[in-house]
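Before any comments, here is the structure.
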Amino acid sequence: MNLTNQQQIAEIYQQPFFQLISKSRHIHQQNFADDMELCQLISVKTGGCPEDCGYCSQSIKNSSEIKVNPLLPTDEIEAIVKEAKANGVKRLCMGAAYRSPNSSALKKICEYIKIVKQHDLESCVTLGNINPQQAQELKQAGLDYYNHNIDTSPEYYPKIVTTRKFEDRIDTIKNVGEAGIQVCTGGILGMGETLEDRISFIHALTQLPFVPGSITVNMLVKIPGTKLNDVPDLDKLELVRVIATIRILFPQSRIRLTAGRINLSELEQSICFMSGANSIFYGEKLLTTDNNDKNSDHQLLAKLGITSNA
Ligand code: SAM
Ligand code: DTB
Ligand code: SF4
C-alpha cells in the first residue's frame, strides 16, 4: 500500500471499530508476543524552558507551579539507574526542559548515557532541538533512542506551539536518524484537535525520514497554569483508533501508551494493549506529573497474562 495517501489512512481509521481493532490485533500478533516494554522516565532538568508549548508545565510562558531543577548531579543518576535495573526496567528515558541543550549540558548528559549503558539498560534522551554534531556526540556516548515528538498535525501545530515550527521538529528527527540513533516520536491526543488532525498527525508519522522504532501516544495531561488546562476531554475510543491505526501502519514499532495512562481504567488500558500498545512508562512519576503506581501495573499485566520486558 502507498502510505503517502491521507485518504487511505482515513479509511483505516474510520472503519467500524471492531473491524479496526481486529485487524490491528491480527497484525500485532504477527509481529509481537503479548509482552510489555517497561521504560522509566526521569526529569534530569526541570522547568525554565523558553518554548511556549501550550500543554507543558515547564514552559516559562505558562504559570504552572512546579519544582524547578537544574541538571541533576551524576551520582544521583547512578542511584536512579541502579534502582531502575533492580526493578526490571528495560529503558531509561531522560527528559530535559530545553529548547536546545548547550555544549556543557550535552557533555553532562553524555556522562549520564554512559552510566545507563554501563548498567546494561537501553538509553533514551529528549532534549529539544539538536544539530548533526550534537547527535553525533550523543551517538558516541552510546545513546540508543532520541525522543522528539511531532505532537500533532502540521496544520494544528501552530495553535499549540509558536516558538518553533513543525519543520524544526522534522529537522532534529533527521539529524537523529542520520547519526544512527533510533527515533522515538509521537504526539499528544486531546488537545482540541479535530479528527482530520489526528489522521494528518498519523500521516505525518508515515512521512518521517526514518521509521520510528518507538512511537509514543500521549493523552493530554491537563496541568493548571497551562493554556490547554480547560480543553474538553477526548473520547477514549479515539485514543484506541489512533493506536490501532498506528499498529497497522507500523507493524514493527513499539507503541508506548504514555502520558495520561493514569486517567484510564484497567479496561481502557487493556483495549489499548489489545489494539497494539506494548510499551509503558513504569514508575510513579512522569516529568512533573504522576504516573500509575508500580503495583497496580504489575497486577494488571498479571491479570492480562502479559509478560514484561521482552
Ligand atoms: N523539551 C523537550 C522537547 O519538548 O522536545 C523534551 C521534553 S518534553 C516535556 C517531551 C514531550 O512530552 C513533549 O514533546 C510532549 O509531547 C510531551 N508532553 C509534555 N507535557 C505534556 C502533557 N501535559 N501531556 C501530555 N504530554 C506532554
Ligand atoms: C513522551 O512522549 N511523553 C513523555 C516523554 N515523551 C518525555 C513526557 C510526558 C510528560 C507528561 C507531563 C508531565 O509529567 O509534565
Ligand atoms: Fe520546553 Fe519541551 Fe515543555 Fe515545550 S514540551 S515547553 S520544549 S520542556
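Only heavy atoms go into these numbers, but all of them, side chains included; no hydrogens, no water, no symmetry mates. Atoms within each ligand, like the ligands themselves, are counted from 1 in listed order.
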Indicate whether atom 8 (S) of ligand 1 is within a distance of less than 4.0 angstrom of some protein heavy atom.
->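 Not a single protein heavy atom is under 4.0 Å away.
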Any N, O or S atom of Cys56 closer than 2.8 Å to atom 3 (Fe) of ligand 3 |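 Yes.
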Do me a favour and list the nearest non-hydrogen protein atom to [atom] with residue, atom name and distance?
atom: atom 3 (N) of ligand 2; value: Asn218 OD1, 2.9 Å
atom: atom 10 (C) of ligand 2; value: Leu287 CD1, 4.1 Å
atom: atom 24 (N) of ligand 1; value: Val221 N, 3.0 Å
atom: atom 6 (N) of ligand 2; value: Asn147 OD1, 3.3 Å
atom: atom 11 (C) of ligand 2; value: Ala259 CB, 3.9 Å
atom: atom 1 (Fe) of ligand 3; value: Cys49 SG, 2.3 Å

With a 4.0 Å heavy-atom cut-off (strictly under), which part of [X] contacts ligand 2: side chain, backbone, both or neither?
X: Thr216; result: side chain
X: Thr126; result: side chain
X: Thr289; result: both

[X] to ligand 1: N or O pair under 3.5 Å?
X: Asn147; answer: no
X: Leu220; answer: no
X: Arg164; answer: no

Which ligand 3 atoms are under 4.0 Å away from a heavy-atom of [X]?
X: Tyr55; result: 5 (S)
X: Ala97; result: 8 (S)
X: Cys53; result: 4 (Fe), 5 (S), 6 (S), 7 (S)

Would you check if there is a donor-acceptor pair between the side chains of Ser153 and Asp197 at a distance under 3.5 Å?
->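 Side chains of Asp197 and Ser153: pair found under 3.5 Å.
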Side chain, backbone, both or neither: the part of Ile223 lying under 4.0 Å from ligand 1 by heavy atom |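 It is the side chain that touches ligand 1; the backbone stays farther off.
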Ligand 3 contacted by Arg164 (non-hydrogen, < 4.0 Å) =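 In this structure, Arg164 qualifies as a contact of ligand 3 - some heavy atom is under 4.0 Å.
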Is there a heavy atom in [X] that sits closer than 4.0 Å to ligand 1?
X: Arg169; answer: yes
X: Cys49; answer: no
X: Ala96; answer: yes

Are His28 and Phe273 close enough that their ring centres sit under 6.0 Å apart?
->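 Distance test on ring centres: not under 6.0 Å, no.
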Which atoms of ligand 2 are found less than 4.0 Å from any heavy atom of Thr288?
->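 That gives atoms 13 (C), 14 (O), 15 (O) of ligand 2.
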